[in-house]
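Single-structure report; data block below.
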There are 2 protein chains.
Amino acid sequence: MKKIQSPEIEEYLETLCRYAEEGRQARVKDLAGDLGISAASVSQMLKKLSEKNLIKYEKYGKIRLTKKGEEIGRSILRKHRLVEKFLGFIGVKRNVHEEACLLEHAISDQVEEAIIKTMKKSMKKIRVLAEMKNGESGIVLFIEGGSTACKRLTAMGLTPGTKIEVERESTLIGPVEISIRSSRLAVGRGLAKKIYLAVDK
Amino acid sequence: MKKIQSPEIEEYLETLCRYAEEGRQARVKDLAGDLGISAASVSQMLKKLSEKNLIKYEKYGKIRLTKKGEEIGRSILRKHRLVEKFLGFIGVKRNVHEEACLLEHAISDQVEEAIIKTMKKSMKKIRVLAEMKNGESGIVLFIEGGSTACKRLTAMGLTPGTKIEVERESTLIGPVEISIRSSRLAVGRGLAKKIYLAVDK
DNA sequence: TTTAAATGTTAGGTGTACCTAAGATCACAT
DNA sequence: ATGTGATCTTAGGTACACCTAACATTTAAA
């Protein structure tokens, strides 16, 4: 049985998937440009992909992914994006896209899963300030609600990115007391329901 | 300027480095076996590596790495081992060696560094079975060494992810006795030096 | 020391993925 | 509708890494 997959083939299918996502018609010229390959080579490769039933293509015609081709392409695209996130996660700063392009072909499904699990574990969870308990801390992510609430909170210094800690949790109707930049603040329960924070685990 | 590096070339140089570490004379036959390639192809490739000044080689002669060749080989070997550790670290259990063989060629120096930093922050400590004391336990992360050692240990059930406990620690030359899934097993000190475990800090 | 087995090399060939140059087709502006 | 520039394909060729079969050399045994 012949091998139907190679990093090169994967790269073509991934790019075709990207075009499909953008609702863009795939053209030989664009593939050539994006993959850094001559149009002649792309044309050739399209014939090969067609023979392998990864795309539907007749010369001068439209390029469409088959089910199989889309499956592979999406898998690579998914891996690419995961790797990008992951590289950011472990602190890689430069050439993240290029690094991901290399790695995407070397990541098995097994490894993909492990990476997802690992990231989830140390991922932050989103929680509402009103539900948080004494001693818990987090970083303000966003404020749900109209500009009135936003302005009020901004005035208090409760803007996205701010780190806070719960000093006294909210009772059924009572306010939450929090410390923020080492000063203390009381936030009414109604308002506290609109403040979302990222907390560990 | 011609490219002097390919995943295949890297694989050859890595394997040669491994042999050098083990103080073993590199033979065409062994390379063929370990790389899963015909002896004829190896012979050919050795000529190519010689032309690229990555090894010193004359037919029927001894294979020796040049400075350049050793540098590349060691870099790949280092990456391979790091990836093995890392895969264990993120919870990959099966085919760790094989997965690392794929990934090692796609890991840049930048990514290598980021991985090291991330692991350093980790909660588990990595230890070698040979150095562990009575009563200590851990989870097998990976096995360093050729496929021979890997196969032997796999046969014993000592695969990544397995939890073991040290029943009797290794003496200067003696084996380690461990319990594994409630049965007991003795592992020679040489082999035990190649088994890395995650133990609580 | 000869010889057989083990090991290594050469010759010739395959498949993949790329290239350039030249020719074919398409699509739009006149 | 037609000619021209853009786009695409074909033809012919390269480099790489592998293969098998046949031949050469080395090594170890008789």
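Of the side-chain N and O atoms in B:Lys48, none sit less than 4.0 angstrom from OP1 or OP2 of D:dA15. A close approach under 4.0 Å does occur between a side-chain nitrogen or oxygen of A:Ser41 and OP1 or OP2 of C:dC19. Within the 4.0 Å cut-off from OP1 or OP2 of C:dC19, at least one side-chain nitrogen or oxygen of A:Ser38 is found. Between A:Tyr12 and C:dC18 there is a side-chain polar atom (N or O) within less than 4.0 angstrom of OP1 or OP2. Taking 4.0 angstrom as the limit, A:Ser43 places a side-chain polar atom (N or O) nearer than this to OP1 or OP2 of D:dT9. At the phosphate of D:dC16, neither OP1 nor OP2 sits under 4.0 Å from any side-chain N or O atom of B:Ser6.
Atom CD1 in A:Ile9 sits roughly 8 Å away from atom P in C:dT16 (whole-Å rounding). One can place CG of A:Leu49 at 12 Å from C1' of C:dA17, the figure rounded to the nearest angstrom. Residue A:Lys47 contributes atom NZ, which lies 10 Å from atom C1' of D:dA11 at whole-angstrom precision. Atom NZ in A:Lys62 sits about 13 Å away from atom C1' in C:dC26, given to the nearest Å. Atom CD in A:Gln25 sits roughly 15 Å away from atom C1' in C:dC26 (whole-Å rounding). Atom-to-atom, CD1 of B:Ile37 to P of C:dT7 comes out at 18 Å; the value is rounded to the nearest Å. Between the NZ atom of A:Lys29 and the P atom of D:dG5 there is a distance of 16 Å, given to the nearest Å. The distance between atom CD of A:Glu51 and atom P of C:dT16, rounded to the nearest whole Å, is 10 Å.
For the residue pair B:Ser170 / B:Arg189, a side-chain donor-acceptor distance below 3.5 Å is found, with atom types taken as modelled. With no hydrogens or angles considered, a side-chain donor-acceptor pair links B:Glu167 and B:Ser179 at under 3.5 Å.
Around the CZ atom of B:Arg78, the shell of radius 6.0 Å holds more than 12 heavy atoms that belong to other residues, nucleotides or ligands. Other residues, nucleotides and ligands place no more than 12 heavy atoms under 6.0 Å from the CD atom of B:Glu58.
Under the 4.0 Å criterion applied to side-chain N and carboxylate O atoms, B:Glu14 and B:Arg18 are assigned as salt-bridge partners. No salt bridge links B:Glu131 with B:Lys193; every basic N to acidic carboxylate O contact stays at or beyond 4.0 Å. Between A:Arg81 and A:Glu104 no salt bridge is recorded (no basic side-chain N to carboxylate O distance below 4.0 Å).
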Identify each atom pair where a protein N or O and an N or O of nucleotides 22-27 of chain D are less than 3.5 Å apart, giving names and distance.
unit_1 : atom_1 : unit_2  : atom_2 : d
D:dT25 : O4'    : B:Tyr60 : OH     : 3.3

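Heavy-atom nearest nucleotides on DNA chain D were determined for B:Ala40 and for B:Met45, and the one closer to the 5' end corresponds to B:Met45.
Distances were taken from every side-chain heavy atom of B:Gln44 (C-beta onward) to each of C:dG12, D:dT10, C:dA17; the shortest belongs to C:dG12.
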